[in-house]
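Quick notes on the structure that follows.
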Amino acid sequence: MSILLLTAAGLLLLSAAFLFGPQLVAYGSAGARDLVRRPQAQFAAMTLMTAFLVILFHDPSASALISEDEAVQVVLRT
């Protein structure tokens with residue numbers, strides 16, 4: 001499970017680099033100021049940060065996945 005979480009975190013960082021990197025490389029600090037002001041970039045940054053925080057603070061022992069039949073059940077363990 002931790003390998004999957006590390007893979008997901010790596011892919012999120014890679015997607016952030018591909019999303020914001022080219023503009024930062026091409027325009028430098030002026031491009032960073034433009035990214036901070038654009039609502040689309042703010043939304044993308046907040047979405048990526050939220051996904052990264054969910055991965056970071058995920059408790060792997062909090063739920064169990066049972067998939068024996070055609071149906072799948074998620075059970076909360078306390």
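Atom set for the values below is all heavy atoms of this structure, side chains included, hydrogens, waters and symmetry mates excluded. Residue numbers start at 1 and run along the sequence shown. Note that the structure is predicted; figures quoted are calculated from it, not measured.
The nearest pair of heavy atoms linking P22 to A17 is CD-O, 3.6 Å. The two residues F20 and A44 come nearest to each other via the heavy atoms CZ-CB, 4.2 Å.
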Using atom types as modelled, flag every donor-acceptor pair under 3.5 Å from a side chain in residues 47-55 to any protein atom, sequence neighbours excluded.
unit_1	atom_1	unit_2	atom_2	d
T47	OG1	F43	O	2.8
T50	OG1	M46	O	2.7

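With hydrogens and angles ignored, the 3.5 Å screen pairs a side-chain donor or acceptor of Q42 with a backbone N or O of V36.
The CG atom of D34 sits 10.0 Å away from the CG atom of L24 when rounded to the nearest 0.5 Å.
Y27 and L35 fall into different hydrophobic clusters, where Ile, Leu, Val, Met, Phe, Trp and Tyr residues are linked whenever their side-chain heavy atoms come under 4.5 Å apart, directly or through other members.
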